[in-house]
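Start at 1 with the first residue, then count along the sequence. Atoms within a ligand are numbered from 1 in the order they appear, just like the ligands themselves.
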Amino acid sequence: MNRTQSLEEWKRAQKVLPGGVNSPVRSYNAVEGDPPFIDSGSGCLVRDIDGNEYIDYVMSWGPLILGHRHKGVIDAARAVLERGTTFGAPTVAETDLGELLVHHVPSMESVRLVSSGTEATMSALRLARGFTGREGIVKFDGCYHGHADSLLVEAGSGPATLSIAGSVGVPDRMIEKTWSTPFNDEQSFVDLLNARGDEIAVVIAEPVPGNMGVVPPRPGFLEMIRKETASRGILLLFDEVISGFRLGLGGAQDRFGITPDLTALGKIIGGGLPLGAYGGRREIMEHLAPLGGVYQAGTLSGNPLAVAAGIATVSALAADPPYERLERLGRLLGEGLQKRAVDAGLPARYQAEGTMMSFFFSEEEVVDYEGAKGADQILFSRYHRAMLNEGVYLPPSQYEAYFLSTAHDQETIDRTLRKAERVFGRIASTGQ
Ligand code: KE4
């Protein structure tokens, strides 16, 4: 593939943007080669500035469950544009979206809209600390909740991709009350709560981690977390920025029948525009300013454009839930990739929970962050670059999930698998 223009733009970008990007995982630092500059998207396809077309399994890291340039989403945003872009004042549509989220998400009686997943989790943590009067936070190794200071401990996604546990610039005092424990390890979790329970305000979890690759919760693990937190007056915060409206209209909490005290959302609810949200029991949410003493604000919170795109997306999902079809396509892709890789003699497995899936070069099941780090990163890097050159756009990190959309179909999956078969054959025979 000719990517001359992308290479030129990559040089120019690195002169003015740190690492050439506005989010580290896009820099391809964990895989071979440099990133293509994307110019447009349509359905399940993206096109780079050199005119190369790719089947997209990143889908902007999850928001585009309806595909690129979905007509309903674009028309909804365009209609707002005819009246303006932002007013910094209450708008009817914000209430409409709030009612939609409260209707679909079991834990939400009240919800606050913000502009990113990071803002959602960061604000929900502050609210949990304000409500409980405690400071401690428990998270799980390999889970990523955005880049708020106190959450950058043993984080997945970008930090994992960069092989750093947290971040320089975070004062120790900001993370001295953040404890991280292995996911799917009941004993470690209970031991931690026994040791620190009365200091802990909140346990934050991706109910289905997607930031160390997809690592499904072991049967009973989430139920145990809910029971142990409830019995100790510790709030449970489900970070459903990925799983919200991805695992179903009620997200993971509906799929597993577990109601957290607070939920953070992002990605899909903005339909591709900047939007996040956090919500939960009314008695907790009423501690938020202007009602209570927990402060949080945002110039563009509930932005009319993003809210319109979000309402169009959530409404389309509610009108015709695509989850069974997406789950079937994901299984076809995952099982197909795994079979072809193993037939070529490569250690590989796909892991999925509902429509969330990822693909590891590992013989063993990956049940936690240590397992994800043990997968073959060199093989992953070669696979990623070879698939890109075959016209398949995959997440450039072992620690990310593949995202399908309603624009992906059986033919797309079959085309992807034919390409993968060639790639696995080449890697197995030449190592390249
Ligand atoms: P944002 O601030 O990026 O909107 O959301 C942060 C966040 C919170 N919680 C979960 C479970 C998340 O996955 C994320 C962000 N996800 C990453 C990819 N796994 C975004 C991609 C990026 O960082 O560029």
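- Below 4.0 Å from some heavy atom of Ile242 lie the following atoms of ligand 1, by number and element: 13 (O).
- At the shortest separation from atom 2 (O) of ligand 1 among protein heavy atoms lies Thr118 OG1, 2.7 Å.
- The aromatic rings of His287 and Phe131 lie perpendicular to each other, with more than 60° between the two planes, well past the 30° mark.
- Salt-bridge formation is detected for the pair Glu199/Arg196: a Lys NZ or Arg NE/NH1/NH2 atom is positioned less than 4.0 Å from an Asp or Glu carboxylate oxygen.
- Scanning the protein for heavy atoms near atom 21 (C) of ligand 1, the closest one is Trp61 CG, 3.8 Å.
- Aromatic rings from Phe183 and Phe189 are positioned such that their centres are separated by 6.0 Å or more.
- Taking atom 8 (C) of ligand 1 as the reference point, the nearest protein heavy-atom neighbour is His145 C, 3.4 Å.
- Asp409 and Thr412 share a side-chain donor-acceptor pair at under 3.5 Å.
- Near Glu206, meaning under 4.0 Å from one of its heavy atoms, ligand 1 places the atoms 11 (C).
- Within ligand 1, counting atoms from 1 as listed, the ones closer than 4.0 Å to a heavy atom of Val25 are 22 (C), 24 (O).
- In this structure, Lys267 is part of the shell of residues with a heavy atom less than 4.0 angstrom from ligand 1.
- For atom 9 (N) of ligand 1, the closest non-hydrogen atom on the protein side is Asp239 OD2, 2.7 Å.
- Atoms of ligand 1 lying under 4.0 Å from at least one heavy atom of Asn211, given by number and element, are 10 (C), 11 (C), 12 (C), 13 (O), 18 (C), 19 (N).
- Look at Asp50 and Arg3 and you find no salt bridge, because none of the NZ, NE, NH1 or NH2 atoms lies under 4.0 Å from a carboxylate O.
- For ligand 1, the atoms lying closer than 4.0 Å to a non-hydrogen atom of Gly146 are 6 (C), 7 (C), 8 (C).
- Scanning the protein for heavy atoms near atom 5 (O) of ligand 1, the closest one is Gly117 CA, 3.4 Å.
- Between Lys373 and Asp368 no salt bridge is recorded (no basic side-chain N to carboxylate O distance below 4.0 Å).
- The aromatic ring centroids of Phe380 and Phe360 lie 6.0 Å or more from each other.
- Aromatic ring centroids of Phe221 and Phe140 lie under 6.0 Å apart.
- Residue-level proximity to ligand 1 for Glu400 is carried by the side chain, the only part with a heavy atom below 4.0 angstrom.
- Using 4.0 Å as the threshold, Ser157 has a heavy atom nearer than that to some atom of ligand 1.
- Among all non-hydrogen protein atoms, the one lying nearest atom 10 (C) of ligand 1 is Tyr144 O, 3.3 Å.
- Using a 3.5 Å distance cut-off with no hydrogens or angles, the side chains of Thr91 and Glu94 do pair a donor with an acceptor.
- Scanning the protein heavy atoms around atom 22 (C) of ligand 1, the nearest turns out to be Ser23 OG, 3.3 Å.
- With hydrogens and angles left out, the side-chain atoms of Tyr278 and Gln296 include a donor and acceptor closer than 3.5 Å.
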